[in-house]
There are 2 protein chains.
Amino acid sequence: MITLKDVAKNAGVSTATVSRVLNNLSNVHPRTREKVLLAFRETGYDFGINRRSSQSVVTINHVAEIAGVSIATVSRVLNNDPAVRPETRERILEAMEKLRYRPNLLARQFRKKSARMIGVVIPDISGPFFARVVKGIENIADQHGYQVVLTEGKHPDKFLQAVDTFAERKADGALLMISKLGDRELDFLAKLSIPTVLISQDYSSPILPSINIDNETAAYHITRYLLEKGHRSIAFLGGPPNDTVAVQNRLSGYRRALRERGIIPLPPYVRFGEFSVISGYKNCLHLLKNNEPPQAIFAANDDIAIGAIKALQKKGFSVPKNIAVAGFDDLPVSAYISPALTTVHQPKYRLGKEGMKLLLKMIHGERLEETHIILPFQLKVRESA
Amino acid sequence: MITLKDVAKNAGVSTATVSRVLNNLSNVHPRTREKVLLAFRETGYDFGINRRSSQSVVTINHVAEIAGVSIATVSRVLNNDPAVRPETRERILEAMEKLRYRPNLLARQFRKKSARMIGVVIPDISGPFFARVVKGIENIADQHGYQVVLTEGKHPDKFLQAVDTFAERKADGALLMISKLGDRELDFLAKLSIPTVLISQDYSSPILPSINIDNETAAYHITRYLLEKGHRSIAFLGGPPNDTVAVQNRLSGYRRALRERGIIPLPPYVRFGEFSVISGYKNCLHLLKNNEPPQAIFAANDDIAIGAIKALQKKGFSVPKNIAVAGFDDLPVSAYISPALTTVHQPKYRLGKEGMKLLLKMIHGERLEETHIILPFQLKVRESA
DNA sequence: CCCATGTATGGAAACATTTACATTAACTTT
DNA sequence: AAAGTTAATGTAAATGTTTCCATACATGGG
C-alpha cells in the first residue's frame, strides 16, 4: 500500500511537504508542487479511503462466503442457536471443516464480555489438600466449558491482587479457599460483584455462600477419641493463630471435648505455627523442651502431625506407645507413613465439586436453596493414635 | 435495555410482528397491533433512535474526553509509549484516576492478538514435585506480567486438548512437563507453533528446547552409593514403564552402576508401576512375595519410596537395618518421614524459573545459546539408606 | 385464496482498543 | 521564502464476533 512517505521518497521531498501539497497549503513552491503531483501519479497513490486489510487467518467471513450465508448465521451455528435450519447448519459446518476454521476466542470473549473462566485462590499450590479440592473443581468446570485459573494468595495483598486480576479478566466466578477475610477483603469482593463461593475455610459470611465440613465437631470427635483412649494431657498443635477460622474452630472443638471432662489444657500445650511439616516439627520440639511431655497430640492438620511425629521419634518417644498423635485432613500420604496417621478425613474432591456446582448456580442466576453447605467428615483410626 | 424480543415476549407474538407494528406495516391485525402497543408501554421500550450504547462502564473515550486528548493518546499512555509529552501523560493519568478507569483487558487481548498467558501442562496437580516447579514458573511469569494457566494432562488426548485450548486462547507460550511425547504430539505442537519448552522430563527433542537434571547420572550416583554401602542385590521400583523417558534414564543409570560391579539384576527385581505412594506400596509387596528380599531398593521417586518403606515395615523389615531404601526428587515431606528418606534432590524451583526464562526468550524471539539446559542435582543422604 | 403470522436469515451496528498514517506546530536550514 | 526536521498528537480503519432489527418466504386458518 502506498503512503505519503512513499510519495515523498519518489518526489525527493519530505512527507511534510507532500502533506502540504495534499492539503493545498499555500507555502509550497510551484515547482515542488509539480514534482509532488507527478510523484502522486507515478506511485499510484490511492486518494480513496485507506484500505488496510490482512485477513491472513480464516474468519467467520470466509466461512459465510463459502457456505453462502451471512456471518450472522455462521455466528448462530457457533452459538448453537436452534433457529438455524438443520440443512443450513450442515452446510456451514462443512465450510468450517473445509477451511479449518477456528473461532477467535479472544474476539468472542471480548464481544460476550465473558472469558468463560473461573478464578480459584488457594493459600498454597504445594498443598496436597488444596490440589485435591481443585481437581474436584476442575471436573465440574470442565463439564461446563469453563476454564479454571489457579492462583496462590495466602497474603491478603496477594489475594486482593489475584481477585482483581479475575475481575480484569472478566472471570465468570471465583472460588476462594482463603482463611483470612477481613472487612477490607469482603468490601473489595462486594465491589467487584463477581459470583463468589468460599470453600473449606469455615468462614460463614452473611454475604458469601460457602461449603465446608464442620471443623468444630470434627475436632471435638477426634479429641474425644483420644480421651477415650485414656489420654488426659492432650496438646494442640495449630496452624496460623488468628487468621484461620478453621484453626479456631478446630481449637474450640478440642477445648469443648476437654472441658466436658473437666480438663483445662495448660497454655504451653496449645501452640500455633504454620500448616507445614517443618512447622509441626519445630513446634513439637518447642513443646517438649520445657514441659512435661503430653500423652497425646492433636495436630490441626496432617502436615503438622507428620512433623510432630518426626520430632517425637527424634527425641526418643515411640508413637503411639509413649505419645499418641492425631491429625486432620487425611492426605494421600498419611496412610503410608509410619505409624500410619489417625486423622479426620475431609471429602476434598467433593468439596471442590459441590463448591463449583454452587458457583455455577450463582453464575446462572439461580436461586440457592442452601447458602452454607456442610459436608460430612470421617474419623480415620490408624496406627498413630 | 429493552429490545423488541422483550416486547414480543410480553405481547406473546414473534419479534417479526413487533417489528411490523413498529414500522407501521399494514398487514397486522388490529387486535394484535393493540396487544403489541400495550406491550411497548408495559415494557417501557425506548423508541429513540437505536441507542444500543450502554456505556455503563468507563472506557478510553471518557478518559480522552476528560483529559482533552484523542483516544489514540490515551492508548499510548496505556502502552507506555514514550512519545507522549510528560505533561499530557500526567493529565491523562489524572483523568483515569478521577474516572476510576479500568482498561478492558478482553478488548486489549483481542486487539493485540495475545492473552499474555502461559500454558503449563503437568501430569498431576497433586504432585508436590510439580507444584514446586510451578511456583518457580509463576515467580518469573509474574515479574513479566504473564498469567500462568495450569492444566493437568497425563493422558495424551487430554494433553493434546489442553495444548489446543492454549492455542485457542492465544497463549504466548507453553511449558510442558509431559513424559510421553510421541510423533503425533510433536506434530501437533509443531502445527500450533506456540513457543514451547519441555521441563524436567528428559525429553531431548531436536525441535523443542528443554530443561532437566541428568537423570541417568543421578541414578548412577545413588545406586553407586548403595553399592558402596555394601549392598549387592538392589531392586528398582519404577514409575510408568514405557512412557517416561525420565524413568528409563533412571533405570539405565541404575543398570550402569550395577554393570560396573558385574551385577546383573534379576528380572523380578526391576518393577514398574506408577508415581504414587500406593503404587510403591503394592509393587513392593509384589516384589517381596515370591522373591528373596533384596538388600536395598532404589525407587524412581520419593512417593514410590514412601510406599515401599510402608510395605517393608508391614512385612516386618526394618529400614534401613534389614533393607535400605533410596528415592528420587526430595519432596518436602521426605526429610520428615521415618526413617528420613535418602534421595536425589532436584532443584525444582529453579527448574521452573529457568524454564520460564527460556520460554520468555523464545517469546521475545531472542536467539538461544543453549537449547537443552542441564541443572545440577544433589545426593541427600539421610536415614533410609 | 389471502390475511396474519411465524421461521429462517440477512444487514449492519456495536464492542474497546490499537495503530498506521496523516497532520500540525515550532523550529532550523538552505 | 521555501523546504526540511522532529516531536506530539489526531483520525479513522481494523480486529472478529454477537446481536438487534428487518424482511423474504412459507404456511395455516378462515
Side-chain angles (χ1 to χ4, degrees), chain A residues 1-6 8 12-20 22-23 25-33 49-55 57-64 69-76 78-79 81-89 103-113, chain B residues 1 3-8 13-20 22-23 25-33 50-55 57-62 64 69-76 78-79 81-85 87-89 103-113:
Chain A
M1 188 220 151
I2 306 301
T3 71
L4 287 206
K5 211 162 135 191
D6 300 320
V13 298
S14 72
T15 53
T17 303
V18 177
S19 180
R20 285 171 188 132
L22 189 62
N23 293 283
L25 299 194
S26 53
N27 53 352
V28 178
H29 190 97
R31 260 211 306 275
T32 310
R33 179 183 307 272
I49 303 148
N50 280 344
R51 294 243 140 268
R52 245 188 294 163
S53 72
S54 53
Q55 290 287 54
V57 289
V58 180
T59 74
I60 210 175
N61 287 287
H62 304 340
V63 176
V69 297
S70 73
I71 62 167
T73 304
V74 178
S75 176
R76 284 183 187 111
L78 238 37
N79 291 283
D81 188 331
V84 182
R85 195 148 46 109
E87 206 176 297
T88 314
R89 174 186 307 278
N104 181 330
L105 198 67
L106 261 29
R108 301 186 76 178
Q109 291 182 351
F110 165 50
R111 228 9 277 254
K112 289 235 181 124
K113 297 174 192 308
Chain B
M1 184 220 157
T3 70
L4 289 204
K5 208 161 136 194
D6 300 319
V7 178
V13 297
S14 71
T15 52
T17 304
V18 178
S19 178
R20 285 173 189 122
L22 188 63
N23 294 285
L25 299 194
S26 51
N27 50 353
V28 179
H29 190 98
R31 260 211 306 275
T32 311
R33 180 183 306 272
N50 268 350
R51 296 244 139 267
R52 235 192 291 170
S53 61
S54 50
Q55 290 288 57
V57 288
V58 180
T59 73
I60 210 176
N61 287 286
H62 304 338
V69 296
S70 73
I71 61 167
T73 304
V74 178
S75 176
R76 285 182 188 112
L78 237 38
N79 291 283
D81 187 331
V84 181
R85 195 147 50 113
E87 207 175 299
T88 313
R89 173 186 310 276
N104 180 330
L105 198 65
L106 261 31
R108 301 185 75 179
Q109 291 181 351
F110 165 51
R111 234 354 283 253
K112 289 230 181 131
K113 299 175 190 305

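Heavy-atom basis, side chains included; hydrogens, waters and symmetry copies ignored. The sequence lines fix the lettering, A, B, ..., with proteins before strands; numbering per chain opens at 1.
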Q.
For a quick check of understanding: with a heavy-atom distance under 4.0 Å over all strands, which category does I71(A) fall into, base, sugar-phosphate or nothing?
A. base

Q: Consider the side chain of R85(B), meaning its heavy atoms from C-beta on, and name the nucleotide among dG16(D), dT19(C), dT9(D) that approaches it most closely.
A: dT9(D)

**Q.** Partner set under side-chain contact (heavy atoms from CB on, under 4.5 Å) for L78(B), not counting sequence neighbours
**A.** I60(B), M96(B), Y101(B), P103(B), R108(B)

Q: Please round to the nearest 0.5 Å and tell me the distance separating atom CG of L106(A) and atom CZ of R111(A).
A: 15.0 Å

Q | Residue closer to the 5' end of DNA chain C, A72(B) versus S70(A) (nearest nucleotide) | A | S70(A)

(Q) Between N79(B) and dT18(C), is there a contact of a side-chain N or O with OP1 or OP2 at under 4.0 Å? (A) yes

Q) Side chains of H29(B) and T17(B): does their closest heavy-atom pair fall under 4.5 Å? A) no

Q: Can you see which heavy atom on S70(B) is nearest to which on A64(B), and at what distance?
A: C-CB, 3.8 Å

Q. Given dA22(C), is OP1 or OP2 found less than 4.0 Å from the side-chain N or O atoms of N23(A)?
A. no

Q: With the side chain of T3(B) defined as its heavy atoms from C-beta on, choose the nearest nucleotide among dT17(C), dC20(D), dT17(D).
A: dC20(D)

Q. Where is the tightest heavy-atom contact between V28(A) and R20(A), given as atom of each residue plus distance?
A. CG2-CB, 3.7 Å

If you restrict it to nitrogen or oxygen atoms, what contacts under 3.5 Å exist between nucleotides 3-6 of chain C and the protein, and what is each distance?
{"residue": "dT5(C)", "atom": "OP1", "partner": "T32(B)", "partner atom": "OG1", "Å": "2.3"}
{"residue": "dT5(C)", "atom": "OP2", "partner": "H29(B)", "partner atom": "N", "Å": "3.0"}
{"residue": "dT5(C)", "atom": "OP2", "partner": "T32(B)", "partner atom": "OG1", "Å": "3.2"}
{"residue": "dG6(C)", "atom": "OP2", "partner": "S14(B)", "partner atom": "N", "Å": "3.0"}
{"residue": "dG6(C)", "atom": "OP2", "partner": "S14(B)", "partner atom": "OG", "Å": "2.8"}
{"residue": "dG6(C)", "atom": "OP2", "partner": "T17(B)", "partner atom": "OG1", "Å": "2.7"}
{"residue": "dG6(C)", "atom": "N7", "partner": "R20(B)", "partner atom": "NH1", "Å": "3.3"}
{"residue": "dG6(C)", "atom": "O6", "partner": "R20(B)", "partner atom": "NH2", "Å": "2.4"}

**Q.** Short side-chain N/O contact to dA20(C) OP1/OP2 from K5(A), under 4.0 Å
**A.** no

Q: Output yes when at least one side-chain N/O atom of T73(A) is less than 4.0 Å from OP1 or OP2 of dA8(C), else no.
A: no

Q. Is a donor-acceptor pair below 3.5 Å formed from side chain R111(A) to base dA14(C), judging by atom type as modelled?
A. yes

Q: Looking only at side-chain atoms of T88(A), point me to the closest of dT23(D), dA8(C), dT17(D).
A: dA8(C)

(Q) Distance check, rounded to the nearest 0.5 Å: L4(A) atom CG versus L22(A) atom CG? (A) 6.0 Å

Q | Residue pair D81(A) / R89(A): nearest heavy atoms and the distance that separates them | A | O-NH2, 2.9 Å

Q. Can you check whether S75(A) has a side-chain N or O nearer than 4.0 Å to OP1 or OP2 of dT18(D)?
A. yes

**Q.** Given dT17(D), dT9(D), dT17(C), the nucleotide with the shortest approach to the side chain of P103(B)
**A.** dT17(C)

**Q.** Residue whose nearest DNA chain D nucleotide is more 5′ - V18(B) or K113(B)
**A.** K113(B)

Q: Please work out if L78(A) contacts a base, only the sugar-phosphate, or nothing of the nucleic acid, heavy-atom cut-off 4.0 Å.
A: sugar-phosphate

(Q) Using a heavy-atom cut-off of 4.0 Å across all strands, would you classify V74(A) as base, sugar-phosphate, or nothing? (A) nothing

Q: When you get a sec, tell me which of dT17(C), dG16(D), dA12(C) is the closest nucleotide to the side chain of F110(B)?
A: dG16(D)

Q. Once you build an axis from the first five pairs and another from the last five of the helix from dC1(C)-dG30(D) to dT30(C)-dA1(D), how far apart in angle are they, to 10 degrees?
A. 50°

